[in-house]
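Proteins get letters first, then strands, A, B, ... in listed order; numbering begins at 1 in each.
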Amino acid sequence: MKKRIANILALPQTGEQLQIAGWVRTRRDASGFSFIEVGDGSCLANIQVIADQTLANYGEEVKKLSAGCSVLVTGILQDSPAKGQAVELRATEVQVLGWADPESYPLQKKHHSFEFLRNISHLRPRTNALGAVARVRSRLSYGVHTFFQERGFVQVHTPIITTSDCEGAGEMFQVTTPSAASGAEAGGEFFGRPAGLTVSGQLQAEVYAQALGNVYTFGPTFRAENSNTSRHLAEFWMVEPEMAFCDLQGNMQVAEEMLKYLLRLVLAECGEDLALFDRFIAKGLLAKLQQVVDHDFAHITYTQAVEQLLQSGQTFTYPVQWGIDLQSEHERYLTETVYQRPLIVTDYPAAIKPFYMRVSDDGRTVAAMDILVPGIGEIIGGSQREERYDVLLARMQEAGIEPSGYEWYLDLRRYGSVPHSGFGLGFERLVQFVTGMANIREVIPFPRTPGFAPC
RNA sequence: UCCCCGGUAGCUCAGCUGGUAGAGCAGGUGACUGUUAAUCACCCUGUCGGCGGUUCGAAUCCGUCCCGGGGAGCCA
């Protein structure tokens with residue numbers, strides 16, 4: 001019976017006859033038989049196969065197996081007499097499904113730089129670290145859905161192609177057809193007006209929040225920024241809940257609960273993979289994650305943040321002054337040095353935030369919140385939305401946005417407007433935080449960055 | 001886009017102040033071995049990122065372009 005290695009190792013039943021299918025990691029020969037380590041991606045661990053010379057294809061095939069070959073192994077699970085593994089599979093048949101020429105197969109049984117692996121993105125999930133990232137990412141993704149579904153949120157598939165720019169969220173990729181672009185098509189635009197790939201599902205999520213209450217969207221997002229950093233991608237995934245009848249306090253509460261829920265989840269269910277990261281990628285990772293789960297997030301207002309930075313005695317490249325946007329160095333200092341845990345900064349100056357954020361009673365700040373985490377910086381950005389028609393309209397005009405393109409958005413304030421809030425979580429930044437991977441390009445299967453999209 | 005650093009064998013890298021290349025791993029062959037980053041011996045591997053310049057001579061110095069990494073900006 002064909003079984004996955006994760007299931008075999010979770011509940012080993014020696015004496016059982018079973019079959020595994022996977023890829024050879026290494027082969028070591030002893031006198032009269034070979035050890036073959038086979039992994040199938042179901043977990044980090046491989047299973048050791050004992051292939052005896054009595055196998056019909058031992059000399060012809062088994063002895064020629066090398067890293068990357070795919071095999072179907074039938075055998076009997078038995079206790080292992082040697083250290084390193086509790087059980088091993090004594091093969092009665094080793095069927096080679098696909099060869100991998102050792103002269104040209106790029107993956108070796110040694111450390112490879114992530115930079116090198118990135119250039120073979122079609123093969124890199126076969127490595128321990130990238131395979132572990134893929135499993136953790138998948139578990140987190142599923143966890144996002146269970147977190148919201150358990151709380152009665154409705155998932156909304158917001159559009160990927162959009163004609164409304166979520167102002168302030170970055171440059172949009174244009175979407176058109178070859179004939180439209182060349183002007184051959186009547187009207188010049190496939191959609192009748194300029195369209196692009198979404199930079200945020202927020203505005204459309206607001207529509208459904210004001211019909212269904214609590215909703216979330218979780219999908220791909222695109223930014224045509226020429227930014228080349230370890231924290232930015234041109235295509236990434238974003239989690240965006242939007243909640244009607246919810247103020248900034250409730251918003252922050254959901255965000256903190258969600259992050260802790262997801263960390264608890266992977267700590268409980270991805271222990272083996274996280275242990276790998278803790279050992280080889282980011283020492284102390286497990287303790288750091290546990291510490292986040294066990295403590296409340298720190299809360300300060302933007303104004304307090306500015307005061308603390310001014311009083312810190314630190315010299316910053318960018319001088320601190322009320323009204324400036326906090327720079328990376330400022331955010332890092334606060335979350336990594338002062339608080340050493342996730343930090344929520346609220347109530348930013350209205351002048352540096354987008355038009356849709358709710359203006360506070362002081363008239364100069366908005367009900368915004370950023371969650372900063374050590375090592376990554378901003379992982380969540382959110383706000384209470386401006387629900388007052390007049391104020392929203394004024395803010396749009398201040399920002400130089402033509403209201404005619406946003407009539408549908410203004411309608412939400414004309415008809416049964418309610419206080420509501422939401423936030424955006426950069427999913428890859430979450431995966432980065434959880435795995436400790438230094439570069440965001442390693443936590444998405446096929447990273448897209450300026451000048452890079454190989455397949 | 002800006003600043004800094006880098007591009008040498010399939011991979012990871014060394015190569016000091018200029019004298020036309022090395023190691024480990026991988027690969028091949030053989031030996032040995034309940035092995036597990038196996039071990040030992042032998043063998044193979046290079047337009048030193050591209051182009052131009054200085055020089056008797058350039059991997060090394062200069063210019064320029066391309067690519068990558070780190071940081072910044074922008075943000076998630």
Can you tell me if the side-chain N/O atoms of A:R231 get under 4.0 Å from OP1 or OP2 in B:rA72? yes
Does A:Y261 form a side chain to side chain donor-acceptor pair (under 3.5 Å) with A:T146? I'd like the steps, not just the answer. CA-CA 10 Å; A:Y261 174 96; A:T146 53; 3.0 Å; yes
Distance between C1' atoms of B:rA58 and B:rG52 (Å, rounded): 13 Å
Tell me if the aromatic rings of A:Y409 and A:Y356 count as close, with their centers under 6.0 Å from one another. no
N/O-N/O pairs, protein side and nucleotides 46-50 of chain B side, under 3.5 Å:
none

Taking the P atom in each of B:rC16 and B:rG22, what is the distance between them to the nearest angstrom? 14 Å
Reading RNA chain B 5' to 3', how would its secondary structure be written in dot-bracket notation, given Watson-Crick and G-U pairs with both distances under 3.5 Å, brackets [ ] for crossing pairs and | for partners on other strands? (((((((..((((.....[..)))).(((((.......))))).....(((((..]....))))))))))))....
Would you kindly check whether a donor in the side chain of A:Q85 faces an acceptor in the base of B:rU35, or vice versa, at under 3.5 angstrom? yes
Determine the contact category for A:Q327: base if any of its heavy atoms lies under 4.0 Å from a base atom, sugar-phosphate if only primed atoms, P, OP1 or OP2 are that close, otherwise nothing. sugar-phosphate
Considering only atom P, compute the distance from B:rC44 to B:rU29 and round it to an integer number of Å. 15 Å
Side-chain N or O of A:S328 less than 4.0 angstrom from OP1 or OP2 on B:rG71? no
Would you please confirm or rule out a distance under 4.0 Å between OP1 or OP2 of B:rU35 and any side-chain N or O of A:R27? no
Spacing of the P atoms in B:rG7 and B:rG49 (rounded, Å): 7 Å
Does anything in residues 125-145 of chain A come within less than 4.0 Å of RNA chain B? Heavy atoms only, and list the residues if so. none
Is the phosphate of B:rG71 approached by A:S230 (side-chain N or O, under 4.0 Å from OP1 or OP2)? yes
Expressed as a whole number of Å, how far does the P atom of B:rC4 sit from that of B:rU47? 31 Å
Under 4.0 Å between a side-chain nitrogen and a carboxylate oxygen: does that hold for A:R124 and A:E442? yes
Name the pairs: protein N/O against N/O of nucleotides 10-14 of chain B, kept only if under 3.5 Å.
| unit_1 | atom_1 | unit_2 | atom_2 | d |
| --- | --- | --- | --- | --- |
| B:rG10 | N2 | A:Q108 | OE1 | 2.9 |
| B:rG10 | N2 | A:Q108 | NE2 | 2.8 |
| B:rG10 | N3 | A:Q108 | NE2 | 3.1 |
| B:rC11 | O2' | A:K110 | NZ | 2.9 |
| B:rC11 | O2 | A:K110 | NZ | 2.8 |
| B:rU12 | OP1 | A:S113 | OG | 2.7 |
| B:rU12 | O4' | A:K110 | NZ | 3.4 |

Heavy atoms within less than 4.0 Å of RNA chain B: which residues of residues 33-47 of chain A have one? Give them sorted by number. A:F33, A:F35, A:E37
Against A:F427, only a single residue in A:W237, A:F218, A:F433 fulfils ring pair (Phe, Tyr, Trp, His ring centres under 6.0 Å); can you say which? A:F218
Is the shortest side-chain N to carboxylate O distance from A:K288 to A:D278 below 4.0 Å? no
Answer yes if the side chains of A:T74 and A:Q19 hold a donor-acceptor pair under 3.5 Å, and no otherwise. yes
Provide, to the nearest angstrom, the distance between the CZ atom belonging to A:R90 and the C1' atom belonging to B:rU35. 13 Å
Can you check whether A:F316 and A:H330 have ring centres sitting under 6.0 Å from each other? yes
Examine B:rG71: is either OP1 or OP2 under 4.0 Å from a nitrogen or oxygen in the side chain of A:N228? Give yes or no. no
Regarding A:R448 and the six-membered ring of A:F446, is the cationic atom NZ or CZ under 6.0 Å from the ring centre and inside 45° of its axis? no
Of all residues at least two apart in sequence or in a different chain, which pass the side-chain hydrogen bond (donor to acceptor under 3.5 Å, both in side chains) check with A:Q327? none
Quote, to the nearest angstrom, the P distance that separates B:rG18 from B:rU55. 16 Å
Side-chain N or O of A:R118 versus OP1/OP2 of B:rG69: is the shortest distance under 4.0 Å? yes
Is the cationic atom of A:R126 (NZ for Lys, CZ for Arg) positioned less than 6.0 Å from the six-membered ring centroid of A:Y105 and within 45 degrees of its normal? no
For A:Y333, does the OH atom have more than 12 heavy-atom neighbours from other residues, nucleotides or ligands under 6.0 Å away? yes
Roughly how many Å apart are B:rU17 and B:rG27, using the C1' atom of each and rounding to a whole number? 38 Å
Let me know which of A:R137, A:R279, A:R135 forms a salt bridge (Lys or Arg N to Asp or Glu O under 4.0 Å) with A:D273. A:R135
